[in-house]
Amino acid sequence: MKRDDFLKQDDVRGFIDWLAAALPDRPFHLKMARSRFVPGGLDVQATGLEAVLGHYVWSTRWTDAQGKAVVSGNWHETRASLGLLRGWLKTAIAHGDEDQALAACLAVLEWGGVRGAIVFLKRLHAQGRLVAYFRRLAPLMALDSDASLDALDTDSVERFDAGLTKIHALLDDSGSPIYDTRVGAAVAMLYAQYRSQAGKKLAKKHWLAFPSGAARGKQIRNPKGIDSGFAGAPQFFGKAVSCQDWAQWQVKLGWILRAVLEQRDWFKADGADMAARCHAFEACLFMLGYDLRCFAEAEATAEAAMAKERVAKDGVPQRGWVPTGCSFKNVLPLYAQFRRGQEKDDLATFAQWYAMTQNKSLQTARAYCFPYTKSEFDLFGSSDERLSTIVHGGKEGLYAAVGSTEAYAEDAERERICLVDALLVGRTADMSPAASTTWLLKKGYAGTKNAANTLMTVGRQVGRHFGLLDGKYRPTAFYHEYFGDCMRES
């Protein structure tokens with residue numbers, strides 16, 4: 001499907017018109033907990049979409065090619081920071097410089113507070129095709145091109161996540177938005193409200209099912225968590241949303257944002273062009289998507305929905321830090337064994353092999369693959385050297401697994417759950433089993449006792465394998481070196 005065909009659908013057209021009419025006067029209550037990205041927290045009222053931009057906050061930094069730290073916090077600073085990042089990235093790609101392209105990409109991830117794509121980017125770099133990959137995708141992601149969404153398929157899109165959406169957005173000159181869990185949550189909520197308010201007048205056909213993902217904490221990023229009458233947003237890293245789907249949604253959202261801005265004169269300060277206005281629009285969605293209770297009429301609801309652990313069809317709980325139950329210490333060496341005798345290395349093939357050789361159900365085998373998936377340690381397709389280092393474990397094994405020797409930093413997205421579980425095991429090392437379970441439930445890291453047990457089991461296995469925990473599951477010197485004060489309660 002091409003842009004004009006997408007935009008002419010009644011449901012899409014109706015949503016665009018509704019956004020243009022509803023957002024200027026919509027009240028929002030922006031309420032964010034204190035974190036490294038929002039140092040002082042936030043609790044303000046805003047009326048209208050444009051007013052939200054004045055409260056934008058994302059306190060972060062990245063290191064440029066000269067080793068200088070670039071710091072930003074509000075929207076004005078962020079816009080300047082992203083301009084520098086965009087220039088570095090586009091210049092490296094234009095010159096075909098693999099090393100500088102990788103450095104710029106890693107800087108984008110540093111700015112965004114996400115690390116999941118590091119292994120993938122370094123793999124492309126090692127293969128000498130990082131530049132070619134982004135050059136091939138760039139015209140397919142452009143909002144003003146004649147490309148069809150169908151071109152964003154399994155042949156062109158190898159991975160998509162909260163880090164890669166930022167890279168693709170910065171490479172684009174037409175305003176392609178960063179589509180992360182927060183932006184996805186906000187637009188999914190707006191669409192749910194549009195469908196609800198339109199009622200019987202609305203076309204029966206749904207063209208829009210904006211995906212989102214779970215938050216790191218107790219925030220709600222799925223419209224169904226606000227109102228049971230709303231359709232649930234498809235979840236990232238599950239069967240419902242492939243990498244290719246995610247890329248296509250970035251383009252579709254960009255088309256919608258441009259269409260709305262063609263009706264409204266929002267974000268025209270300082271002579272901003274359409275691309276800059278699209279990114280300002282995206283920044284507002286980013287703020288609204290932190291917690292969907294910011295939508296004033298929904299603020300007082302949804303606490304009951306938070307009390308119960310919600311599990312998607314793929315088995316991944318949608319809150320807290322509970323992984324899919326898996327036997328990390330037993331399955332990892334078997335995966336290495338599988339790799340030595342197979343030409344095809346992917347989740348489906350390994351799950352079938354494991355089920356057959358270990359006399360397990362295919363469902364169990366797939367669950368045991370959880371630590372190897374793209375949102376965790378991204379093992380499928382690794383080099384033999386990387387896999388061997390990971391299997392050996394210890395400090396070097398962990399560095400190979402995460403693609404970096406830097407100390408752990410709390411990410412902006414809910415990823416590397418297995419690693420966070422090891423962190424939480426260390427944080428509860430001085431507690432009794434009952435007390436640790438109570439603490440995990442109270443803090444929202446798990447929703448049920450069984451979930452807390454699963455969290456602890458996986459955390460212990462992962463922590464011991466990488467030398468973060470000792471034989472009694474207590475923090476080692478490497479644990480303190482790697483995690484520092486992350487997630488430590490005051």
Side-chain angles (χ1 to χ4, degrees), residues 2-3 62-65 82-112 114-180 242-252 254 275 343-347 373-375 377-387 400 402-404:
K2 294 188 177 183
R3 178 185 56 202
W62 55 276
T63 307
D64 68 14
L82 291 180
L84 295 174
L85 269 175
R86 179 178 288 107
W88 184 9
L89 181 62
K90 290 178 69 68
T91 298
I93 297 295
H95 291 171
D97 191 326
E98 290 279 329
D99 293 341
Q100 284 298 304
L102 176 62
C105 285
L106 295 180
V108 174
L109 301 190
E110 184 181 3
W111 167 81
V114 288
R115 294 187 172 191
I118 291 177
V119 171
F120 172 72
L121 293 168
K122 288 188 173 180
R123 184 181 300 157
L124 291 181
H125 176 263
Q127 295 168 350
R129 61 189 190 94
L130 181 65
V131 169
Y133 180 75
F134 286 112
R135 281 179 174 174
R136 186 174 72 252
L137 269 180
L140 304 182
M141 301 289 295
L143 305 181
D144 54 2
S145 76
D146 195 41
S148 171
L149 290 172
D150 298 333
L152 294 168
D153 57 17
T154 54
D155 291 330
S156 60
V157 182
E158 298 182 26
R159 179 185 171 107
F160 215 85
D161 62 16
L164 288 165
T165 183
K166 295 170 176 58
I167 295 171
H168 288 298
L170 288 176
L171 273 174
D172 181 67
D173 292 323
S174 62
S176 185
I178 294 173
Y179 194 128
D180 60 9
S242 68
C243 294
Q244 297 74 36
D245 293 332
W246 197 338
Q248 290 185 15
W249 276 109
Q250 177 165 329
V251 175
K252 286 189 279 190
E343 291 184 4
K344 192 173 182 181
D345 175 28
D346 57 26
L347 188 153
T373 56
K374 292 178 179 179
S375 60
F377 298 127
D378 197 6
L379 259 65
F380 296 110
S382 295
S383 66
D384 291 340
E385 180 182 4
R386 177 177 182 251
L387 177 59
V402 300
S404 172

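When a residue number appears, it is its place in the shown sequence, counting from 1. Note that this is a predicted model, so its numbers are computed, not measured.
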In Å and rounded to the nearest 0.5 Å, what is the OG to CG distance from Ser176 to Leu171?
-> 10.0 Å

Taking the side chain as every heavy atom from C-beta outward, state whether Gln250 and Leu152 have any atom pair closer than 4.5 Å.
-> no

To the nearest 0.5 Å, what is the distance between CZ (Arg159) and CH2 (Trp246)?
-> 8.5 Å

Looking only at heavy atoms, the pair that brings Ala101 and Ala92 closest together is N-CB, 3.5 Å

Any side-chain heavy-atom pair from Arg123 and Ser383 closer than 4.5 angstrom?
-> no

Worked check of side-chain contact (heavy atoms from CB on, under 4.5 Å) between Leu109 and Arg115 = CA-CA 6 Å; Leu109 301 190; Arg115 294 187 172 191; 5.9 Å; no

Which pair of heavy atoms, one from Trp88 and one from Thr63, lies closest together, and at what distance?
-> CZ3-O, 3.6 Å

So, the side chain of Ser156 versus the backbone of Ala151: is there a donor-acceptor pair under 3.5 Å, distance only?
-> yes

Can any side-chain N or O of Asp345 pair as donor or acceptor with the backbone N or O of Gly381 at less than 3.5 Å?
-> yes

Please assess Leu85 against Lys166 for the test side-chain contact (heavy atoms from CB on, under 4.5 Å), listing each intermediate value before the final yes or no.
-> CA-CA 11 Å; Leu85 269 175; Lys166 295 170 176 58; over 6 Å; no

Which heavy atom in Ala142 sits nearest to a heavy atom in Asp172, and how many Å separate them?
-> CA-OD1, 3.2 Å

Side chain proximity check, Phe120 to Leu164, heavy atoms < 4.5 angstrom | yes

Return the minimal non-hydrogen interatomic distance between Phe134 and Cys105, and the atom names on each side.
-> CE1-SG, 3.9 Å

Looking only at heavy atoms, which two atoms of Leu121 and Ile167 are closest? And how far apart?
-> CD1-CD1, 4.0 Å

Does a side-chain heavy-atom distance below 4.5 Å link Leu149 with Lys252?
-> yes

Verdict with supporting geometry, Leu124 and Gln127, side-chain contact (heavy atoms from CB on, under 4.5 Å) | CA-CA 5 Å; Leu124 291 181; Gln127 295 168 350; 4.2 Å; yes

With the side chain counted from C-beta on, respond yes when Lys374 and Val119 share a heavy-atom pair under 4.5 Å apart, and no when they do not.
-> no

Measure the acute angle between the ring planes of His168 and Tyr133, then classify it against the limits of 30° and 60° as parallel, tilted or perpendicular.
-> tilted

Donor-acceptor under 3.5 Å (Thr165 side chain, Ala162 main chain) | no

Would you indicate whether the side-chain heavy atoms of Trp62 and Leu84 approach each other to under 4.5 Å?
-> yes

State the CD1-CG distance between Ile118 and Asp378, to the nearest 0.5 angstrom.
-> 11.0 Å

Can you check whether Gln248's main-chain N or O pairs, donor with acceptor, with Asp245's side chain at less than 3.5 Å?
-> no

Search all heavy atoms of Leu170 against all heavy atoms of Val108 and return the closest pair with its distance.
-> CD1-CG2, 3.7 Å

May I ask you to test the Thr91-Gln100 pair for a side-chain heavy-atom distance under 4.5 Å?
-> no

With a 4.5 Å heavy-atom cut-off, do Ser145 and Leu140 have their side chains touching?
-> no

How long is the span from the SG atom in Cys243 to the CD atom in Glu158, to the nearest 0.5 Å?
-> 9.5 Å

Start with the C-alpha gap between Val251 and Leu143, add the side-chain angles, then the distance that decides, and say whether side-chain contact (heavy atoms from CB on, under 4.5 Å) holds.
-> CA-CA 6 Å; Val251 175; Leu143 305 181; 4.3 Å; yes

